[in-house]
There are 2 protein chains.
Amino acid sequence: MRILIVEDEPGIARFLKQGLEEEGFAVDVAATGPAGLAQAQAQPYDLLLVDWMLPGLTGLDVCRQLRAQQDQTPLIFLTAKDTVQDTIAGLQAGANDYIKKPFHFEELLERIRVQLRPAGGPSERFTLGPIVLDVSTHQVYKDDEEIALTQKEFALLEYLLRNKGKVCRRQSIIENVWDIHFEYNTGVIDVYMNALRKKLKITKDDEFLQTIRGIGYVARD
Amino acid sequence: MRILIVEDEPGIARFLKQGLEEEGFAVDVAATGPAGLAQAQAQPYDLLLVDWMLPGLTGLDVCRQLRAQQDQTPLIFLTAKDTVQDTIAGLQAGANDYIKKPFHFEELLERIRVQLRPAGGPSERFTLGPIVLDVSTHQVYKDDEEIALTQKEFALLEYLLRNKGKVCRRQSIIENVWDIHFEYNTGVIDVYMNALRKKLKITKDDEFLQTIRGIGYVARD
DNA sequence: CATGAATTTTAAGTGAATCTTAAGGCGGCT
DNA sequence: AGCCGCCTTAAGATTCACTTAAAATTCATG
């Protein structure tokens, strides 16, 4: 689960990032309104935590702009403002929840879980350097640009990313991606690795998809 | 929109009922935990407003029982208890929000709207390039010209637009648009996509409704 | 109820995209 | 140097979606 924090006070941002990472979330931080908006547009997140008062754009502006672009990512405001008018304005702008500072981390955590809950199946996502693979929507991005992959290309990349850092033997790949369980001598894997590297523009210098001669392949970042 | 209030203090119950009815909601009231539970099970509601302290069963018990029966109706706790432990317990039990008394009616109203939003809030209009789909009036326009769609055509387009930018798998489409929950292989989706593209005059060059071979379709602009 | 029109679903032929096979070339390893 | 294994490309096989037409169902109407 990926969370973006948009918060300008470094102390609070650090505290949140650390706490959420300990809970197993992948956390990015943006320090200004425009930076947060750009980041949220660039990559898919599962949840946004947005401070109300921000340099550049207010949190309210960020929220409005995202919703205007049909971005329905759950968004929780995190703020010292606690007048009723502000709460209402925030929720009307399309926010999903609103927590007043000072807050207890436990409560924030639970409210985050509530927002992620209705998303149903956990949207499985894997990353490899600049590459993001979303299993549920069958989409792949490199540097925030969407890359169109065919079924087999996607399945192969998914298998390598699920085993990131581990060397995958050719035999395992054939069994898991092609579902062939007898000995089989073929060049399909080579052909597909070639297609993947081409589409993802991975050069020989990159080490994202390495060949292990005589064994198989590894994905590492 | 139907709301059930479970609250034992007659004054508060009456105040809420009147306020919500003025906003156009259909409101029922139950005064005890067991009565509320029975009422919620007997009829479908769009939202439950539940007091924490109730005679018979606590609000927490009511919430737990409903969730245990796979009832996912949005539920908001309404309570004087304001310790962090209680908030967390409430959210963990499956509640969607938690408002502390005393609260402003305006804030409650907005939080109710947030919960109802995904099921039909204010943003009932979707756009895709020159195409506009209005859910509430069941109308579709392209370049300000109205296009007549049948029910299934409309439902399919609505589903794709609600998930704009995300790839929709054939399986998800069959489940959400046709409400078929077992495996089913058929060509209906193809036929309807064809009809949609024809009526909306979408050519192969347009990328509004793209096919993802082997997976499904995406709407993008 | 019976009829006809509109909508929804099934079915089949066609064509294009994807998958697989195969072969030549290149580079590392012994 | 020579072998083996990987890369690359292109052509054949196959799968899947598009398209059309006809059958089944639903809906409104007399």
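Labels below follow one simple rule: chain letters A, B, ... track the order of the sequence lines, proteins then strands, and each chain is numbered from 1.
OP1 or OP2 of D/dC18 has at least one side-chain nitrogen or oxygen of B/Y217 nearer than 4.0 Å. Between B/N194 and D/dC18 there is no side-chain N or O to OP1 or OP2 distance below 4.0 Å. Note on A/Y192: every side-chain N or O is 4.0 Å or more away from OP1 and OP2 of D/dC7. Using a 4.0 Å cut-off, some side-chain N or O of B/W178 falls inside it from OP1 or OP2 of C/dT9. For D/dC18, one of the phosphate oxygens OP1 or OP2 lies less than 4.0 angstrom from a side-chain nitrogen or oxygen of B/R197. Regarding contacts with the backbone of C/dT9, every side-chain N or O of B/T186 stays at 4.0 angstrom or more from both OP1 and OP2. The phosphate of C/dA17 has neither OP1 nor OP2 within less than 4.0 Å of any side-chain N or O from A/T150. At least one side-chain nitrogen or oxygen of A/K198 sits closer than 4.0 Å to the OP1 or OP2 atom of D/dT9.
Positionally, the nearest nucleotide of DNA chain C for A/L149 lies more toward the 5' end than for the other of A/L149 and A/Y184.
Using cut-offs of 30° and 60° for the angle between ring planes, the B/F15 and B/F105 rings count as perpendicular.
The number of heavy atoms from other shown groups lying within 6.0 Å of CZ (A/R14) does not exceed 12. Dense packing is recorded around CD of A/Q210, with more than 12 heavy atoms of other residues, nucleotides or ligands lying under 6.0 Å away.
Between the NZ atom of B/K152 and the P atom of C/dA6 there is a distance of 19 Å, given to the nearest Å. Note: CD1 (A/I212) to P (D/dC4) measures 22 Å, nearest angstrom. As rounded to whole Å, 17 Å separates atom P of C/dG15 from atom CG of B/D190. Separating the CG atom of A/L196 from the P atom of D/dC7 is a distance of 12 Å, rounded to the nearest angstrom. Whole-Å rounding puts the B/N185 CG to C/dT10 P distance at 10 Å. The separation between B/I189 atom CD1 and C/dT9 atom P is 11 Å, rounded to whole Å. If you measure from atom NZ of B/K204 to atom C1' of C/dA16, you get 8 Å, rounded to the nearest angstrom. One interatomic measurement links the two molecules: NZ of A/K199 to C1' of D/dT8, which rounds to 16 Å at whole-angstrom precision.
Separation of the B/W178 and B/Y192 ring centroids falls under the 6.0 Å cut-off.
Judged by distance alone with a 3.5 Å cut-off, a donor-acceptor contact links the side chain of B/R213 to the base of D/dC16.
Looking at every heavy atom in both residues, B/T211 comes nearest to B/Y217 through OG1-CE2, 3.4 Å.
Among the atoms of the strands shown, none is found under 4.0 Å from any heavy atom of B/E153.
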